[in-house]
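Since the structure comes first, as structure tokens, the remarks are kept for the end.
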Amino acid sequence: MTKRDEFKAVIDNGNTFKGDSINLGAAMLDGETITNALVKIPLKTMNRHGLIAGATGTGKTKSLQVLAENLSDKGVPVLLMDMKGDLSGLAAASEGHPKIDERHEKIGLPFNASKFPVELMSLSDQDGVRLRATVSEFGPVLFSRILDASDAQSGIISVIFKYCDDNKLPLLDLEDFKKVLQYSTNEGKEELEKDYGRISSASTGAILRKIVELEQQGADIFFGERSFEVKDLKRTDSNGKGYINIIRLTDIQDRPKLFSTFMLSLLAEIYSTFPEQGDSGKPELIIFIDEAHLIFKEASKALHSQIESIVKLIRSKGVGLYFVTQNPTDVPDGVLSQLGLKVQHALRAFTAKDRKAIKLTAENYPISPFYDTADVLTSLGIGEALVSALDEKGRPTPLAATMMRAPMSRMDILTDKEIKSLNEESYLADKYNEVIDRKSANEMLEEKIAKAAEEEARAKAQAEREELEKEAKKATSRRKTRSRNTTSDTQKAIIKVLTSATVIRGVLGILGKMIK
């Protein structure tokens with residue numbers, strides 16, 4: 001048996017599965033594509049997460065596109081984070097090309113152009129289904145981690161959430177939280193201290209500054225209603241194809257904190273609402289995070305820990321996470337160790353640091369008698385990748401340098417007219433693009449403060465009236481007392497005059513004359 005025959009036998013045996021699978025392309029040996037030596041991924045293990053990595057221009061986005069459209073074909077819904085704005089073409093069929101036909105002839109797969117059901121979504125003001133979440137849905141622990149709050153600040157955040165729960169004050173947006181935070185050290189200081197303990201104004205000031213930083217990255221647009229329901233990510237069309245939900249993120253590349261906030265809230269919501277999947281034949285949802293380094297770049301240590309925990313747990317819900325980035329070292333080791341599928345495109349060794357990174361990357365792949373992995377990593381062409389997956393029993397499949405198949409959908413973006421048409425036909429756009437501004441903590445506390453001020457003014461006015469009435473009564477009493485005293489003095493004067501010797505003698509003289 002020749003080396004080529006031996007290699008093909010190993011690839012065929014390692015890529016034969018009982019259940020359904022996805023074809024990625026054909027294995028290569030010594031730079032030559034071995035026709036019909038198909039490299040596959042069992043659908044059953046695609047909730048074990050994965051990585052698509054490689055230098056700029058090596059074909060990462062097209063590999064992502066191939067995976068997304070094949071998953072959709074199998075009835076698996078997909079969520080894509082489109083950082084560069086080049087994935088909308090999934091909604092249109094490929095125009096085809098002689099080079100695509102030539103590639104597929106080498107692989108041994110027929111090429112079928114096809115379009116897929118797509119929903120365009122947005123975290124900002126871009127056209128598409130608006131994605132929002134309320135502050136209440138985050139909860140105090142997750143909200144504290146997003147703000148990178150200290151233990152003391154986290155305690156205050158927990159008190160704010162508890163106070164709002166106890167008093168039925170909905171925390172919908174950041175304005176609501178800021179209002180309650182300010183209320184806790186101003187008008188409501190005594191009220192909160194009585195039931196929840198003293199709240200430091202220095203700590204609330206620090207929390208407020210962190211929220212302002214979050215707002216400056218556009219989070220004020222994200223927090224609010226109508227809150228997105230993650231069950232709407234699991235839709236299929238009338239033909240049984242899974243919807244490909246594309247979140248357009250081209251305008252928030254410079255706001256990694258907003259991206260991290262959204263991703264963490266989304267994963268937490270999926271984990272809390274999706275049922276346990278068990279040992280299923282296919283995943284419930286696959287999430288691709290393009291430019292994945294952005295989710296970790298500005299994340300705190302606590303946030304990293306939260307992401308690692310969710311990555312470990314969420315696969316039991318039938319959800320797979322796939323990170324797309326230039327270098328595997330962009331992903332923390334705790335996350336990297338959880339990834340079952342690795343699609344590694346070419347890496348470039350321009351510096352000593354690059355060569356060291358390539359050596360470390362090569363050590364993450366199964367040992368193969370057919371490859372020097374480090375050499376292969378630097379010699380792969382565009383649209384070629386080293387692939388290592390898990391079989392149905394969770395064992396690594398044979399490492400294969402793979403000629404990747406071409407996307408069935410358009411490898412270019414939609415026109416503005418096509419995007420507008422897609423949004424106009426969207427059921428979810430009608431549902432979520434309506435802005436709801438119901439009464440929440442901000443308005444309720446404003447009313448409470450206004451009512452308290454009104455009651456205080458009324459009480460003050462009442463006290464002033466009572467004081468005036470008291471003064472009036474005192475004045476009246478003084479006048480009566482003076483009047484009585486004056487009458488008494490007059491009477492005394494008259495009596496004194498009448499009883500004086502002069503008056504008596506005079507009266508007696510008059511009486512004497514009258515008698516005579």
- Task: State whether the number of non-hydrogen atoms from other residues, nucleotides or ligands found under 6.0 Å of E392 atom CD is greater than 12.
- Result: yes
- Message: Go through it in stages, so that I can follow the logic: the residues are L428 and M121, the test is side-chain contact (heavy atoms from CB on, under 4.5 Å), and I'd like the CA-CA distance, side-chain angles, deciding distance and then a yes or no.
- Response: CA-CA 9 Å; L428 293 185; M121 300 178 168; 3.9 Å; yes
- Mark yes when over 12 heavy atoms from residues, nucleotides or ligands other than D166 sit less than 6.0 Å from its CG; otherwise mark no. yes
- Are D290 and K84 close enough for a salt bridge, meaning some N to O gap below 4.0 Å? yes
- Taking it one step at a time, do H49 and I314 satisfy side-chain contact (heavy atoms from CB on, under 4.5 Å)? CA-CA 10 Å; H49 314 313; I314 204 169; 3.7 Å; yes
- Message: Check this for me: does any side-chain nitrogen of one of E213 and K210 sit under 4.0 Å from a carboxylate oxygen of the other?
- Response: no
- Do side-chain atoms of N327 reach the backbone of D330 as a donor and acceptor pair under 3.5 angstrom? no
- Message: Using modelled atom types and a 3.5 Å cut-off, is there a donor and acceptor pairing between side-chain atoms of D237 and backbone atoms of N239?
- Response: yes
- Using only heavy-atom distances, determine whether the side chains of T56 and Q326 contain a donor-acceptor pair under 3.5 Å. yes
- Query: So with a 6.0 Å cut-off around NZ of K431, is the heavy-atom count from everything else above 12?
  - Reply: yes
- Side-chain donor or acceptor of D430 paired with backbone N/O of Y427 under 3.5 Å: no
- Run the salt-bridge test on E225 and R132 with the 4.0 Å N-O cut-off and return the result as yes or no. no
- Does the side chain of D232 come within less than 4.5 Å of E119's, by heavy atoms? no
- Message: Measuring only between side-chain heavy atoms, which start at C-beta, is V66 closer than 4.5 Å to P407?
- Response: yes
- Task: For residues L233 and L266, determine if any side-chain heavy atom of one lies less than 4.5 Å from a side-chain heavy atom of the other.
- Result: yes
- Query: Between the side chain of T402 and the main-chain N/O of M404, is any donor-acceptor distance below 3.5 Å?
  - Reply: no
- Item | ring pair (Phe, Tyr, Trp, His ring centres under 6.0 Å) pairs, two or more places apart, involving residues 65-85 | none
- Task: May I ask you to decide if D148's main-chain N or O and Q153's side chain share a donor-acceptor pair within less than 3.5 Å?
- Result: no
- Task: Any chance you could lay out the salt bridge (Lys or Arg N to Asp or Glu O under 4.0 Å) test for D20 and K282, step after step, and finish with the verdict?
- Result: CA-CA 8 Å; D20 208 350; K282 65 179 183 180; over 6 Å; no
- May I ask you to test the Y163-E191 pair for a side-chain heavy-atom distance under 4.5 Å? yes
- Message: With a 3.5 Å distance limit and no angle check, can you tell me whether Y432 reaches the backbone of E229 through a side-chain donor-acceptor pair?
- Response: yes
- Check whether more than 12 heavy atoms from other residues, nucleotides or ligands sit under 6.0 Å from atom CG of D416, and answer yes or no. no
- Task: Check the pair R395 / D391 against salt bridge (Lys or Arg N to Asp or Glu O under 4.0 Å), numbers first and verdict last.
- Result: CA-CA 5 Å; R395 301 169 302 193; D391 66 15; 2.9 Å; yes
- Message: Just checking D195: does its CG atom have more than 12 heavy atoms from other residues, nucleotides or ligands closer to it than 6.0 angstrom?
- Response: yes
- Task: Determine, step by step, whether L80 and L64 satisfy the side-chain contact (heavy atoms from CB on, under 4.5 Å) criterion, reporting the C-alpha distance in whole Å, the side-chain angles of both residues, the deciding distance to 0.1 Å, and the verdict.
- Result: CA-CA 9 Å; L80 302 179; L64 184 161; 3.5 Å; yes
- Identify, with sequence neighbours excluded, every residue that meets side-chain contact (heavy atoms from CB on, under 4.5 Å) alongside D220. E215
- Item | Residue among K234, R315, K317 satisfying salt bridge (Lys or Arg N to Asp or Glu O under 4.0 Å) with E284 | K234
- Query: How would you list, by chain and number, every residue that makes a side chain to side chain donor-acceptor pair (under 3.5 Å) with K312, sequence neighbours excluded?
  - Reply: none
- Message: Can you confirm whether L377 sits close enough to Q344 that some side-chain heavy atom of one is under 4.5 Å from a side-chain heavy atom of the other?
- Response: yes
- Message: Using a 6.0 Å cut-off, check whether atom CG of L208 has over 12 heavy atoms from anything other than its own residue.
- Response: yes
- Item | Separation between CD1 of I157 and CG of L142, rounded to the nearest 0.5 Å | 11.0 Å
- Query: Just wondering, more than 12 heavy atoms not from K106 lying within 6.0 Å of its NZ?
  - Reply: no
- From the options L249, I289, V324, select the one residue that forms a side-chain contact (heavy atoms from CB on, under 4.5 Å) with M83. L249
- Task: Look up atom CG in L285 and atom CZ in R235, then write down how far apart they are to the nearest 0.5 Å.
- Result: 13.0 Å
- Message: In the structure I gave you, are the side-chain heavy atoms of K74 and N70 within less than 4.5 Å of one another anywhere?
- Response: no
- So how far is it from I22 CD1 to L71 CG, rounded to the nearest 0.5 Å? 4.0 Å
- Task: Look at the aromatic rings of Y322 and F288 and report parallel, tilted or perpendicular, splitting at 30° and 60°.
- Result: tilted
- Task: Find out whether I287 and I270 are in side-chain contact, i.e. whether some heavy atom of one side chain is under 4.5 Å from a heavy atom of the other.
- Result: yes
- Would L192 and Y183 satisfy side-chain contact (heavy atoms from CB on, under 4.5 Å), going step by step from the backbone distance to the final call? CA-CA 9 Å; L192 270 84; Y183 177 77; 4.1 Å; yes
- Looking only at side chains, do E69 and S114 share a donor and an acceptor under 3.5 Å apart? no
- Message: Given 3.5 Å as the limit, does a donor-acceptor pair link the side chain of H104 with the main chain of L109, or not?
- Response: yes
- Message: Quick one, S227 with E137, criterion side chain to side chain donor-acceptor pair (under 3.5 Å). Give me CA distance, side-chain angles, the key distance, then yes/no.
- Response: CA-CA 9 Å; S227 184; E137 287 170 338; 2.7 Å; yes
- Item | Straight-line distance of L414 CG to L87 CG, nearest 0.5 Å | 10.5 Å
- Check: N23 main-chain N/O paired with R405 side-chain donor or acceptor under 3.5 Å: yes
- Can you find a pair of side-chain heavy atoms, one from I199 and one from T204, that are under 4.5 Å apart? yes
- Note on the structure: The single option from V311, V331, T329 that satisfies side-chain contact (heavy atoms from CB on, under 4.5 Å) with L336 is V331
- Task: Please round to the nearest 0.5 Å and tell me the distance separating atom OH of Y196 and atom OG of S184.
- Result: 11.5 Å
- Message: Counting the benzene-type ring for Trp, do F143 and F177 have ring centres under 6.0 Å apart?
- Response: yes
